[in-house]
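Note that this is a predicted model, so its numbers are computed, not measured. Letters A, B, ... are given to chains in the order of the sequence lines, protein chains preceding strands, and every chain is numbered from 1.
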Protein chains: 2
Amino acid sequence: MLSKKAKYAIKTILFLQDHPDLLPISAKAIAEKEHIPYKFLENILRDLKSHQLVKSIRGAEGGYALAKDPSQISIAQVMRAMDGPIALIPCISERFYESCAECEDEETCRIRRLFAEVRTEMVEILERPITTLAKERE
Amino acid sequence: MLSKKAKYAIKTILFLQDHPDLLPISAKAIAEKEHIPYKFLENILRDLKSHQLVKSIRGAEGGYALAKDPSQISIAQVMRAMDGPIALIPCISERFYESCAECEDEETCRIRRLFAEVRTEMVEILERPITTLAKERE
DNA sequence: TATATATCCTATAAAAAAGATAGGAATTAT
DNA sequence: ATAATTCCTATCTTTTTTATAGGATATATA
């Protein structure tokens, strides 16, 4: 399951996408509208920023806006920024690789091979732009 | 990421699949060979049994064996038995449905629509028999 | 029938992760 | 100068995960 952090982050991204104003939007406003604990959201926005998903403007009248076009943002990007690896086991993660403590030989590990296939296909799904997924249906 | 419990469970399933003996295999033997804490494994086996993935024989010379043909067992089944929902958010889970506390209208919720599509495709991948995934390559 | 080897069951402890909050420093528009 | 805001570090709380403990129940076999 997705963490609350990642869910809040996606809500935030969608909210910013819906409000492509000239002015940035404050964390306070997002927290209120999306019912996210304010201080928690601050942490989330910091992570989103460090992963280049949002940009910020400091000071009074400051706030946040998307750092790139929504068509360039995927669920996978948000999940990685918030929760880490997409892969179900660490030894086949591309960005968060870690060997399994007990593993004797990755080359022949069947669990690894099993989940390598799964990861490839899951990434394919999660890498699609949120715009192509979140769009309204007629 | 997969929980250790689910990972141990998959190791156990693969182990049982590799040893289709006439005699059942004891938890002790599995724990030793697969480096799984014995008492933890007991809990796992109980869950696997209650989900009809393994069967057991009690008493001396007792133990465990797969409850069905490996071709009928998927990663999804094991994940559901150990960790619960496959879906990334509870409101689109088929077997573990829960409404989101704050959600005002599921019909129009974009997050929900977003992850409904993702779930459909993820389930498709994870429902495939482990035999088709875990098989050796030439 | 006694014994050893198992599964089965409930409960609890320990460790780790997730979720949330606190307090204040730095920045900037008005 | 002030108010609104991002930014940063630290800590607390709650929940989940991982693991262990102790014993009840079943059964093959010597």
Side-chain angles (χ1 to χ4, degrees), chain A residues 1-9 11-12 16 21-32 34-51 53-65 67 79 81-85 88-90 96 98 100-102, chain B residues 1-9 11-12 16 21-32 34-51 53-65 67 79 81-85 88-90 96 98 100-102:
Chain A
M1 298 278 279
L2 212 63
S3 70
K4 276 197 170 185
K5 193 180 174 190
K7 193 175 173 188
Y8 290 156
K11 282 191 169 190
T12 299
L16 292 176
D21 297 330
L22 300 174
L23 295 172
I25 300 174
S26 71
K28 183 155 167 279
I30 300 169
E32 278 166 11
E34 295 293 336
H35 309 104
I36 303 171
Y38 172 70
K39 278 295 194 178
F40 197 17
L41 179 60
E42 275 196 344
N43 295 337
I44 290 166
L45 284 163
R46 189 146 49 85
D47 289 344
L48 285 175
K49 182 177 178 185
S50 74
H51 285 82
L53 291 168
V54 306
K55 59 189 175 189
S56 67
I57 292 167
R58 302 188 69 174
E61 302 292 297
Y64 297 87
M79 286 178 67
M82 297 297 119
D83 296 345
L88 291 173
I89 51 175
F96 299 88
E98 274 178 60
C100 301
E102 354 76 69
Chain B
M1 298 278 278
L2 213 63
S3 69
K4 275 197 170 187
K5 193 179 173 191
K7 193 175 173 188
Y8 290 156
K11 281 191 170 190
T12 299
L16 292 175
D21 297 329
L22 300 175
L23 296 172
I25 300 174
S26 72
K28 184 155 166 281
I30 300 170
E32 278 167 9
E34 294 293 335
H35 309 104
I36 303 171
Y38 172 71
K39 278 294 193 178
F40 197 18
L41 179 60
E42 273 197 342
N43 296 337
I44 290 166
L45 285 163
R46 187 146 51 87
D47 289 344
L48 286 175
K49 183 179 179 183
S50 74
H51 285 82
L53 290 168
V54 306
K55 59 190 174 188
S56 66
I57 293 167
R58 301 187 69 173
E61 302 291 297
Y64 298 87
M79 284 177 68
M82 297 298 118
D83 296 346
L88 291 173
I89 53 176
F96 300 87
E98 275 179 59
C100 302
E102 354 76 67

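- Rounding to whole angstrom units, NE2 of residue B:His35 and C1' of D:dA19 are separated by 18 Å.
- Closest approach to the B:Ser3 side chain among D:dT18, C:dA26, D:dA3 is made by D:dT18 (side chain taken as heavy atoms from C-beta onward).
- In this entry the distance linking CG of A:Leu41 with C1' of D:dC8 reads 16 Å, nearest Å.
- Atom C1' of nucleotide D:dT13 and atom NZ of A:Lys4 are separated by 13 Å, given to the nearest angstrom.
- The interatomic distance linking A:Met82 (CE) with C:dA18 (C1') rounds to 14 Å, in whole Å.
- Nearest-nucleotide mapping onto DNA chain D: of A:Lys28 and B:Lys5, the residue sitting toward the 5' end is A:Lys28.
- Using a 4.0 Å heavy-atom criterion, one finds that B:Tyr64 contacts the sugar-phosphate atoms exclusively.
- Taking the side chain of B:Ser26 as heavy atoms from C-beta on, and the options C:dT10, C:dT7, D:dA4, the nearest nucleotide is C:dT7.
- Put simply, NZ on A:Lys7 is 11 Å from P on C:dG19, counting in whole angstrom units.
- Taking 4.5 Å as the limit, some side-chain heavy atom of A:Tyr38 sits within range of a side-chain heavy atom of A:Lys28.
- The nucleotide whose nearest atom lies closest to any side-chain atom of B:Lys39 is, among D:dT9, C:dA29, D:dA21, D:dA21.
- Rounded to an integer number of Å, the gap from B:Met1 CE to C:dA18 P is 11 Å.
- Remark: P of C:dT5 and CD of B:Glu42 are 15 Å apart, rounded to the nearest angstrom.
- Distance, B:Glu61 CD to C:dA4 P: 15 Å, rounded to whole Å.
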